[in-house]
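Following: one structure in structure tokens, then a few remarks.
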Amino acid sequence: MSSTTNQVIRCKAAVAWEAGKPLVIEEVEVAPPQKMEVRIKILFTSLCHTDVYFWEAKGQNPVFPRILGHEAGGVVESVGEGVTELQPGDHVLPVFTGECKECAHCKSEESNMCDLLRINTDRGVMIHDQKSRFSINGKPIFHFVGTSTFSEYTVVHVGCLAKINPLAPLDKVCVLSCGISTGLGATLNVAKPKKGSSVAIFGLGAVGLAAAEGARIAGASRIIGVDLNANRFELAKKFGVTEFVNPKDYKKPVQEVIAEMTNGGVDRSVECTGHIDAMISAFECVHDGWGVAVLVGVPHKDAVFKTSPLNLLNERTLKGTFFGNYKPRSDIPSVVEKYMNKELELEKFITHELPFSEINKAFDLMLKGEGLRCIIRMGE
Ligand code: NAD
Ligand code: ZN
């Protein structure tokens with residue numbers, strides 16, 4: 001037992017007080033973990049576009065003040081009542097969607113949409129007592145997707161923690177806690193391209209490039225990258241993307257451009273932009289008869305997907321996925337092993353590093369579309 005067990009911990013956290021305003025590093029109180037909860041010390045965290053959407057809160061419900069962050073790696077500090085499979089010192093990756101291991105979804109091989117712990121972006125409190133574990137002078141600060149990793153310590157439900165190999169470097173494998181696993185799983189677990197097939201990837205951020213990495217691992221022969229930002233193309237070459245399409249370079253819809261390039265459409269497409277136009281194009285660019293499109297991007301809350309039903313009658317399939325269909329506790333430890341035995345490269349996704357005190361710079365980089373993942377070191 002550590003000296004902090006059952007005590008409130010005071011530590012630094014980056015608080016989002018208002019939508020779109022720079023985060024402020026504050027001293028916060030972090031309450032001890034309650035039933036089925038674990039308090040973890042975050043060592044590294046990184047920024048994913050989903051954090052930026054909820055910080056901007058333009059197309060999402062505003063929940064403030066809030067501690068954002070969901071891509072991270074840390075070490076267990078203490079555990080609450082009922083937690084038996086984790087103990088202080090274990091290395092963990094927090095995940096925004098959980099696995100209770102008891103509900104119908106957790107028992108189904110096909111789903112990772114746990115009834116108890118599936119992602120809920122509007123909830124700012126813990127499930128157990130509907131309260132926050134964070135406060136400043138007694139005033140509660142809300143959680144974000146059950147993880148809130150922009151804090152030196154955070155409290156997470158045990159079902160949202162993957163226990164990983166303690167030898168895995170947390171400053172690298174932390175990116176598997178969201179974006180990279182999401183993209184990789186979207187291709188390998190959901191789109192499932194056959195060897196030699198063609199795959200279009202919409203959006204060449206970290207998630208899209210991880211989807212491209214999945215296509216490369218699956219043996220796809222053509223990987224077509226689609227992005228509005230031409231700067232992404234150079235970077236994407238390292239990820240096995242073989243051709244590039246910038247929708248801005250064409251007058252006709254990008255789905256028509258891709259259909260012409262591929263004799264009727266790609267075998268698979270994976271959308272990783274969050275923009276509704278790209279989602280529709282990603283669906284309409286797959287080949288009739290067998291094409292499968294997978295949506296990954298998080299849309300504006302009022303977005304509506306519009307397409308002719310004929311596109312479905314013509315035997316195209318549209319799917320969506322959270323977290324690449326991985327079950328966080330059961331599957332993520334083995335994705336970490338893929339990195340450990342060099343099947344999967346993570347270094348190429350990490351383009352920037354910053355100390356925690358400069359976390360706002362990571363937001364600037366993402367807003368400018370520079371780089372892929374910025375690792376934020378919690379210890380200065
Ligand atoms: P990112 O901002 O780094 O990358 C998105 C890319 O899409 C950018 O390069 C941008 O230029 C490009 N883009 C935007 N609009 C486009 C359009 N209309 N056509 C083509 N390209 C376009 O973001 P990221 O961190 O890689 O995340 C990608 C998406 O995945 C986000 O929407 C994020 O919220 C979502 N996400 C979903 C899950 C999930 O489980 N479903 C998990 C993590 C992230
Ligand atoms: Zn469950």
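For reference, positions follow the sequence shown, starting with 1. Start at 1 and go down the list; that is how both ligands and their atoms are numbered.
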Which ligand 1 atoms, with their elements, are less than 4.0 angstrom from a heavy-atom of [X]?
X      : value
Gly297 : 29 (C), 30 (O), 32 (O), 35 (C)
Cys272 : 5 (C), 28 (C), 29 (C)
Ala278 : 17 (C), 18 (N), 19 (N)
Arg373 : 25 (O)
Arg232 : 3 (O), 9 (O)
Phe96  : 40 (O)
Gly274 : 32 (O)

Polar contact flag for [X] and ligand 1 (N/O pairs, less than 3.5 Å):
X      : result
Val298 : yes
Phe323 : yes
Ala206 : yes
Thr50  : yes
Val207 : yes

Show your working on side chain to side chain contact (heavy atoms under 4.5 Å, CB included) between Met378 and Phe44 and close with a plain yes or no. CA-CA 6 Å; Met378 302 308 282; Phe44 300 95; 5.9 Å; no

Could you tell me whether [X] and [Y] have a side-chain N and a carboxylate O separated by less than 4.0 Å?
X      : Y      : value
Glu29  : Arg10  : yes
Lys252 : Glu260 : yes
Arg373 : Glu71  : yes
Lys172 : Glu347 : no
Arg133 : Glu37  : yes

Check the pair Phe142, Ser148 against side chain to side chain contact (heavy atoms under 4.5 Å, CB included), reporting the backbone distance first and the verdict last. CA-CA 9 Å; Phe142 293 115; Ser148 291; over 6 Å; no

Note the single closest protein heavy atom to [atom], along with its residue, its atom name and the distance in Å.
atom                    : answer
atom 1 (P) of ligand 1  : His49 ND1, 3.4 Å
atom 11 (O) of ligand 1 : Asp227 OD1, 2.6 Å
atom 7 (O) of ligand 1  : Gly203 CA, 3.4 Å
atom 38 (C) of ligand 1 : Thr182 CG2, 3.6 Å
atom 31 (C) of ligand 1 : Tyr53 OH, 3.6 Å
atom 22 (C) of ligand 1 : Thr273 CG2, 3.5 Å
atom 37 (C) of ligand 1 : Val296 O, 3.0 Å
atom 4 (O) of ligand 1  : Gly205 CA, 3.3 Å

Any donor-acceptor pair under 3.5 Å linking the side-chain atoms of Thr121 with those of Gln60? no

Mind checking whether Phe323 and Phe96 have parallel, tilted or perpendicular rings, split at 30° and 60°? perpendicular

Below 4.0 Å, non-hydrogen atoms only: which portion of His275 touches ligand 1? Side chain, backbone, both or neither. side chain

Of the backbone atoms (N, CA, C, O) and the side-chain heavy atoms from C-beta on, which set of Cys178 has a member under 4.0 Å from an atom of ligand 1: side chain, backbone, both, or neither? side chain

First locate atom CD1 of Ile332, then atom NZ of Lys338, and finally report the distance between them rounded to the nearest 0.5 Å. 10.5 Å

So is [X] close enough to ligand 1, meaning a heavy atom under 4.0 angstrom away?
X      : answer
Glu71  : no
Phe202 : no
Thr321 : yes
Gly369 : no

Lys348 NZ/CZ over Phe239 ring centroid, <6.0 Å and within 45° of normal: yes

Passes side chain to side chain contact (heavy atoms under 4.5 Å, CB included), Ile136 versus Glu27? Steps please. CA-CA 7 Å; Ile136 297 181; Glu27 190 176 86; over 6 Å; no

Side chains of His157 and Leu117 in contact at under 4.5 Å (non-hydrogen atoms): yes

With Phe144, the ring-ring contact (aromatic ring centres under 6.0 Å, His included) member among Tyr53, Trp55, Phe150, Phe54: Phe54

Can you check the angle at the Zn ion (ligand 2) formed by SG of Cys114 and SG of Cys103? Round it to the nearest 10°. 120°

Using the Zn ion (ligand 2) as the apex, give the angle to atoms SG (Cys106) and SG (Cys100), rounded to 10 degrees. 110°

Are any N, O or S atoms from His105 nearer to the Zn ion (ligand 2) than 2.8 Å? no

Pair Trp17 + Phe64: ring centers closer than 6.0 Å: no

Should Lys327 and Glu99 be marked as a salt bridge (charged side-chain N to carboxylate O under 4.0 Å, His left out) after you check the CA-CA gap, both sets of side-chain angles, and the distance that decides it? CA-CA 6 Å; Lys327 291 186 194 278; Glu99 180 185 355; 5.5 Å; no

Min over Asn229, Leu295, Leu228, Leu47 of heavy-atom distance to atom 17 (C) of ligand 1 lands on Leu228

Glu85 vs Arg329, test: salt bridge (charged side-chain N to carboxylate O under 4.0 Å, His left out). Steps then yes/no. CA-CA 11 Å; Glu85 69 184 66; Arg329 291 157 99 181; 2.9 Å; yes

